[in-house]
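Chain identifiers are assigned alphabetically (A, B, ...) following the order of the sequence lines, protein sequences preceding nucleic acid strands; residue numbering begins at 1 within each chain.
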Number of protein chains: 2
Amino acid sequence: MSNLSNTSDEILASARNLIMSGGYNGFSYADISEVVGIRKASIHHHFPSKVDLVRELVKRYREDGQASVVTLEQNVPDELDILKVYANHWAKCIEDASRPYCVCALLASELPSLPPEVATEVTNFFRFISSWLTTVMERGYKSGTLNLTSEPHVEAEAFLATVYGAMLSARAYGKPEVFSTILSPALNRLTPTVSH
Amino acid sequence: MSNLSNTSDEILASARNLIMSGGYNGFSYADISEVVGIRKASIHHHFPSKVDLVRELVKRYREDGQASVVTLEQNVPDELDILKVYANHWAKCIEDASRPYCVCALLASELPSLPPEVATEVTNFFRFISSWLTTVMERGYKSGTLNLTSEPHVEAEAFLATVYGAMLSARAYGKPEVFSTILSPALNRLTPTVSH
DNA sequence: ATCTGTCTACCTTCTAGTAGGCAGATCGTC
DNA sequence: GACGATCTGCCTACTAGAAGGTAGACAGAT
């Protein structure tokens, strides 16, 4: 009973890893079949088409993200700390090479050539992250835990761009530490000046 | 005589557009042949393999960039202005949809699955942009035309990440204006405070 | 008796790449 | 200037393999 749905999770997990490295057109059902140890045709049983597979993958990716955000906000009261935890999550993923890139970042860059159903889900992911970061910025501004120099939604977009840009640079140079090098000053700038 | 080498330029141009929208695995010789109006086999005459084609494309992309940088520095003395022109170049490209994404940004995100010869050229491109921006930051710091809060090379990486992150966001949301929204505060932060 | 997950075997279309031919431009030599 | 040889760019025709996907059989669980 527990093993039954596990195969489809394994398929999704291996698809995620493959997309993470080469994007939508960078993997095939044959690739997944090798990793999971199942025949191509059996993958079609779980996900009739490639579009179904990736649509579901991105949908779950967003849902998992939403769940993580809920736990994060429950456990970390300070808004600056929330941003630090978020940045640190990516710093670790990149440095231990476990998930060195965001699936949705890769898909977003391929957006114009993506099947529309997938493209929609990818856009939804970015809207989710963006609106979450905006609420964090707004709360931090009101409570004084964040030092903003622009409107909250602008700061949110700028922070998101910095994170994803840093992710790209780390990959482009093949130097994981570049991520933290870029994020540190960005977080410093958001840190309230203690006294004067 | 002049038409002879033109075909290979057309091939490169259409490949650039195709990569810009879907990456390395997102286009085929058949796609190019439709755009250029030439048969698949004829493309192989100009570029024996896909790797040859994309390697040359990225190499020229970098060389063109290097040439543009030279002219830019000759014509614009102020370092802040240089950064503004650079940012504005991308803002225009994105907004008029002429070149709404950087070829090398797309290839860099696919880096792990790219043929090594192409990957090397992509890394070279990023090293070029990064070291150029570092020299701009250094000069601006010394001459007082830029207001730096970190070391020049860190500011350079941060700026580059902001530009490429903003490019991604603009594409992800399908809203070109997001690019300028993100870049404006980044450029403001680099602007020296006039007096006090 | 049906449902679930897997299999083998197959199909069609697309992929990068090759072989070889052909027309026209260019070139060296007489 | 004429003549053949080579070079250039393109063509048709083809290949082997990979792509996504289908049909249908089978074993085991419900």
Taking only N and O in the side chain of A/Ser42, is any of them less than 4.0 Å away from OP1 or OP2 of C/dG5? no
Using the test ring pair (Phe, Tyr, Trp, His ring centres under 6.0 Å), find all partners of A/Phe159 that sit at least two apart in sequence or belong to another chain. none
Between D/dC11 atom P and B/Arg39 atom CZ, what is the distance in whole Å? 6 Å
Using the test salt bridge (charged side-chain N to carboxylate O under 4.0 Å, His left out), find all partners of A/Arg55 that sit at least two apart in sequence or belong to another chain. A/Asp52
What pairs with A/Val154 under side chain to side chain contact (heavy atoms under 4.5 Å, CB included), at least two apart in sequence or on another chain? A/Ser150, A/Glu151, B/Thr181, B/Pro185
Heavy-atom contacts, protein to nucleotides 16-24 of chain D, under 4.0 Å, summarised as B (base), S (sugar-phosphate only) or - (none) per nt, yield ---SBBBB-
Please list, one pair per line, the donor and acceptor atoms closer than 3.5 Å that link side chains of residues 161-170 of chain B to other protein atoms, with sequence neighbours excluded.
residue  : atom : partner  : partner atom : Å
B/Thr162 : OG1  : B/Ala158 : O            : 2.8
B/Ser169 : OG   : B/Gly165 : O            : 3.3

For A/Glu73, salt bridge (charged side-chain N to carboxylate O under 4.0 Å, His left out) partners two or more places apart: A/Arg139
Check side-chain hydrogen bond (donor to acceptor under 3.5 Å, both in side chains) between B/Glu110 and all other residues, then give those that pass, not counting sequence neighbours. none
Taking the six-membered ring of B/Tyr24 as reference, does the cationic atom of B/Lys50 (NZ for Lys, CZ for Arg) lie under 6.0 Å from its centre and within 45° of its axis? yes
Can you give me the dot-bracket string for DNA chain D, 5' to 3', counting Watson-Crick and G-U wobble pairs with both distances under 3.5 Å, using [ ] for crossing pairs and | for partners on another strand? ||||||||||||||||||.|||||||||||
Indicate whether OP1 or OP2 belonging to D/dG9 is found under 4.0 Å from a side-chain N or O atom of B/His45. yes
Interatomic distance where CD1 belongs to A/Ile38 and C1' belongs to C/dT4 [whole Å]: 12 Å
Set of salt bridge (charged side-chain N to carboxylate O under 4.0 Å, His left out) partners for A/Arg39, sequence neighbours left out: none
B/His46 side-chain N/O to D/dC10 phosphate OP1/OP2 under 4.0 Å: yes
Under 4.0 angstrom between A/Thr7 side-chain N/O and C/dG5 OP1 or OP2: no
Could you check A/Thr149 against A/Glu155 for side-chain hydrogen bond (donor to acceptor under 3.5 Å, both in side chains), going step by step and ending with a plain yes or no? CA-CA 8 Å; A/Thr149 44; A/Glu155 291 280 0; 3.0 Å; yes
Of the residues in residues 110-118 of chain A, which ones touch DNA chain D at a heavy-atom distance under 4.0 Å? none
For B/Glu56, which residues count as a salt bridge (charged side-chain N to carboxylate O under 4.0 Å, His left out) partner, sequence neighbours excluded? B/Lys59, B/Arg60
Show the atom names and distances, to 0.1 Å, of all donor-acceptor pairs under 3.5 Å that link a side chain in residues 116-125 of chain B to residues at least two apart or in another chain.
residue  : atom : partner  : partner atom : Å
B/Thr120 : OG1  : B/Pro116 : O            : 2.9
B/Glu121 : OE1  : B/Arg62  : NH1          : 2.9
B/Thr123 : OG1  : A/Ala172 : O            : 3.2
B/Thr123 : OG1  : B/Ala119 : O            : 3.1

